[in-house]
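Only heavy atoms go into these numbers, but all of them, side chains included; no hydrogens, no water, no symmetry mates.
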Amino acid sequence: MASAAARTGRGNEDFVGAVPTAAVLVDGAGGVSGSELVCRHGAAWYARRLGVELLGLLSPDGDRPVPALLAEAIERVTDAHRGTCDLADPRSPWATVAILRLRDGRADYLVLGDSVLVLDRAGAPIVVSDPREVAMARPYRSALEAAAEGSAEYEQVRRDGIAVLRANRNQPGGYWVAKDDPRAAAEAVVGSRPVSELTGAVLLSNGASRIVDRFQLADWPEVLAILASSGPAAIIRRVRQAEARQAVAADDATLAHCTDLAESPSPIPGCR
């Protein structure tokens, strides 16, 4: 595994962890202006707490569906701070999630929000993503890139984009994330593949997946080759270099690279 905060002196709002049969990545969000007025904990706390709850629920001998486990984890975290924080406020923390669980010869996966999971196999890898938030934000991102940063037009587009995303978060026809409503877990992108088909898997926060989807420095087979030769920290280094070259604001970046899935009877033997 590798994880890096967006910049020195700023807390990392990503979480990544693994147990013998599962890996979890949580990308916390919500650290916007005024968020401290509605929740005293913050996005980093939310991501860490949700990730720890998930790892505890992903038992190697459990048979509950992964979305049910995510729903319970969301409910537990919500209960942990509903007495002190205004969870209904859109500024309160939320997160995107990627989960891989190996059980009974199968790899079950879940993606909620704009994290990414890639299943490595012979031939083309399987890329699992949830495009709903990205699609909704795309017109505003394009307009921001066309406007001068700091101008009145730029600020208006930014405010409009934030308002639209908040209004459509965890709403039918909008996009779904982990926040205060466990029902969001039922909206996740899920699937399952035989472990025998797979050689590895990668879980990425959107700050790391931008090596492909924003900067186009590599395609997914090339990312898998870099991981195999140099490890996940090499991906983050390349992303940081591209951010500096293109004057793009850095984001927290996190990866978990799980290897040798099909060769071992004890699942996720090499999650690094």
Side-chain angles (χ1 to χ4, degrees), residues 1-16 25-33 35 42-44 46-48 51 93-98 111 113-118 125 127-151 153-155 157-159 161-162 165 175 177 202-257 272:
M1 306 174 197
S3 186
R7 58 184 180 272
T8 303
R10 178 186 180 277
N12 191 338
E13 296 175 349
D14 289 351
F15 170 91
V16 64
L25 185 146
V26 182
D27 183 350
V32 296
S33 176
S35 61
Y46 185 91
R48 182 173 63 252
W94 49 274
T96 71
V97 182
V111 171
D114 60 7
S115 294
V116 178
L117 189 148
V118 182
V127 181
V128 184
S129 62
D130 180 351
R132 288 170 287 189
E133 181 184 0
V134 173
M136 190 163 290
R138 187 174 292 121
Y140 299 97
R141 180 172 291 171
S142 299
L144 284 176
E145 291 173 351
E149 186 170 356
S151 66
E153 179 187 3
Y154 182 97
E155 291 303 317
V157 170
R158 187 182 67 83
R159 287 193 296 269
I162 290 172
L165 289 174
Y175 67 100
V177 296
V202 190
L203 292 73
L204 308 94
S205 68
N206 70 336
S209 68
R210 56 174 47 180
I211 189 173
V212 173
D213 52 41
R214 180 160 189 176
F215 297 130
Q216 300 178 342
L217 300 176
D219 59 19
W220 288 114
E222 290 168 336
V223 167
L224 293 168
I226 295 168
L227 287 167
S229 64
S230 305
I235 300 295
I236 296 177
R237 284 196 297 272
R238 296 187 185 207
V239 168
R240 291 288 183 256
Q241 291 165 1
E243 290 165 343
R245 284 195 304 270
Q246 299 186 32
V248 171
D251 191 8
D252 300 335
T254 302
L255 303 89
H257 183 208
R272 58 176 186 155

Excluding sequence neighbours, so at least two apart, what forms side chain to side chain contact (heavy atoms under 4.5 Å, CB included) with [X]?
X      : value
Arg210 : Asp213, Arg214, Phe215, Val239, Glu243, Val248, Asp251
Arg141 : Glu145
Ala143 : Val157
Ala137 : Leu165

| query | What pairs meet the salt bridge (charged side-chain N to carboxylate O under 4.0 Å, His left out) rule with one or both residues in residues 219-237, with sequence neighbours excluded? | reply | none
Which atoms form the tightest heavy-atom contact between [X] and [Y], and what is the distance?
X      : Y      : result
Val212 : Ala218 : CG2-O, 3.3 Å
Ala95  : Val177 : O-CB, 3.4 Å
Phe15  : Arg48  : CD1-CA, 3.8 Å
Ala4   : Ile236 : CB-CG2, 4.0 Å
Ala148 : Ser151 : O-OG, 2.6 Å
Ala43  : Glu13  : CB-CD, 3.6 Å

| message | Surrounding CZ of Arg159 (heavy atoms of other residues, nucleotides or ligands, distance under 6.0 Å), is the total greater than 12? | response | yes
| said: Keeping Asp252 on the side-chain end and Ala6 on the backbone end, is there a donor-acceptor pair under 3.5 Å? | reply: yes
| Just by modelled atom types, is the Ile226 backbone N or O under 3.5 Å from a matching donor or acceptor in the Ser229 side chain? | yes
| request: For the residue pair Asp14 and Ser3, confirm or rule out a side-chain donor-acceptor distance under 3.5 Å. | output: no
Are the side chains of [Y] and [X] in contact, using a 4.5 Å heavy-atom criterion?
X      : Y      : value
Leu204 : Thr254 : no
Asn206 : Asp27  : yes
Leu224 : Val202 : yes
Ser209 : Trp220 : yes

| task | Carefully, step by step, assess Val97 and Leu25 under the rule side chain to side chain contact (heavy atoms under 4.5 Å, CB included). | result | CA-CA 6 Å; Val97 182; Leu25 185 146; over 6 Å; no
| field | Set of residues satisfying side-chain hydrogen bond (donor to acceptor under 3.5 Å, both in side chains) with respect to Arg238, sequence neighbours excluded | value | none
| query | To the nearest 0.5 Å, what is the distance between CG (Leu255) and OG (Ser115)? | reply | 10.5 Å
| said: To the nearest 0.5 Å, what is the distance between CG on Leu144 and OH on Tyr154? | reply: 5.0 Å
| Does the distance from a Lys or Arg side-chain N to an Asp or Glu carboxylate O, for Asp114 and Arg132, drop under 4.0 Å? | no
